[in-house]
Amino acid sequence: MPPQIQLSQSEGPVNEATRVARLLAIDDPEVLSEVQLAHCVSSGLPSKSALGLSEVLGKRWVVGSIIPEASLRRARKSDKPLSRELSERLYEIGRVVDALRLAYHGNKDAIDGFLHRPHVLLEGDTPFDLARSSSAGAQAVLNLIRRAEAGVAV
């Protein structure tokens, strides 16, 4: 059986903002609104957010690829939040990973396969590379996932 990314019992009915907040290791709220999550991201996510995302993607896909190792080390050492730019990068990838966890029912192999294989509808880019390139890239990947969930051939 393929490895599964554990989804907590409470992850099913909660909103996207709460699922993404939990994925990014933001203090585990009962329910977090989109506005509250936006404030968390704009004021800087805690450095542990990178580690939370690493638990799903693997450290090599987060540290160095999404967030520079030196920046993460500085934030952890000074116990300060990540910059707004780095927080937004983590948030955008977190949204993509959240959508994939739902679409693939937590199947880590399927998620990894989708993220790291070039896709013709993304002009040959891998979903991971496009999603980490910009918020527009992450939105393009999210749109592809949603079309697939809706039954549109992708």
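Here the structure is a predicted model, which is why all the values come from computation and not from measurement. Keep in mind that the numbers below use all heavy atoms, side chains included, and drop hydrogens, waters and symmetry copies.
Residues Arg147 and Leu121 are in side-chain contact: their nearest non-hydrogen atoms beyond the backbone lie under 4.5 Å apart. Contact check for Leu144 versus Phe114: side-chain heavy atoms found under the 4.5 Å cut-off. Residues Arg101 and Leu23 are in side-chain contact: their nearest non-hydrogen atoms beyond the backbone lie under 4.5 Å apart. At least one side-chain heavy atom of Arg76 sits less than 4.5 Å from a side-chain heavy atom of Leu51. You'll find the side chain of Gln139 reaches within 4.5 Å of the side chain of Arg95, heavy atoms only. Using a 4.5 Å heavy-atom threshold, the side chains of Asp112 and Trp61 count as separate. In this structure, the side chains of Val41 and Leu24 stay at 4.5 Å or more apart for every pair of heavy atoms. Side-chain atoms of Leu57 and Ile93, non-hydrogen and from C-beta on, do get closer than 4.5 Å to each other.
No single ILVMFWY cluster, assembled from side-chain heavy atoms under 4.5 Å apart, contains both Val14 and Val35.
Closest approach of Ala50 to Val62, counting heavy atoms only: O-CG1, 3.6 Å. Looking at every heavy atom in both residues, Val141 comes nearest to Pro127 through CG2-O, 3.4 Å. The minimum heavy-atom distance between Ser49 and Leu45, with the atom names listed, is OG-CB, 3.6 Å. Taking both residues in full, the closest heavy atoms of Pro46 and Leu82 are given as O-CD1, 3.8 Å, listed atom of the first, atom of the second, then distance. Here the shortest heavy-atom pairing between Leu122 and Ala140 reads CD2-O, 4.4 Å. Of all non-hydrogen atoms in Val20 and Gly94, the two that sit nearest each other are CG2-O, 4.1 Å.
Note that OG of Ser47 is 12.5 Å distant from CZ of Arg73, once rounded to the nearest 0.5 Å. How far CD of Glu34 is from OG1 of Thr18: 9.5 Å, rounded to the nearest 0.5 Å. Separation of atoms CD1 (Ile145) and CG (Leu100) is listed at 3.5 Å; rounding is to 0.5 Å. Taken to the nearest 0.5 Å, the CG atom of Leu32 stands 5.5 Å off from the CG atom of Leu37. Interatomic distance, Ile66 CD1 to Ser71 OG, rounded to the nearest 0.5 Å: 13.0 Å. Rounding to the nearest 0.5 Å gives a distance of 7.5 Å between CG of Asp125 and OG of Ser133.
With hydrogens and angles ignored, the 3.5 Å screen pairs no side-chain donor or acceptor of Thr126 with any backbone N or O of His116.
Classification of Glu149 and Arg146 as a salt-bridged pair fails, no side-chain N sitting under 4.0 Å from a carboxylate O. By the 4.0 Å N-to-carboxylate-O rule, Asp129 lies close enough to Arg132 to be salt-bridged with it.
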Salt bridge (Lys or Arg N to Asp or Glu O under 4.0 Å), that's the test. Do Arg19 and Glu16 meet it? Break it down for me. CA-CA 5 Å; Arg19 291 191 313 269; Glu16 177 188 11; 5.5 Å; no
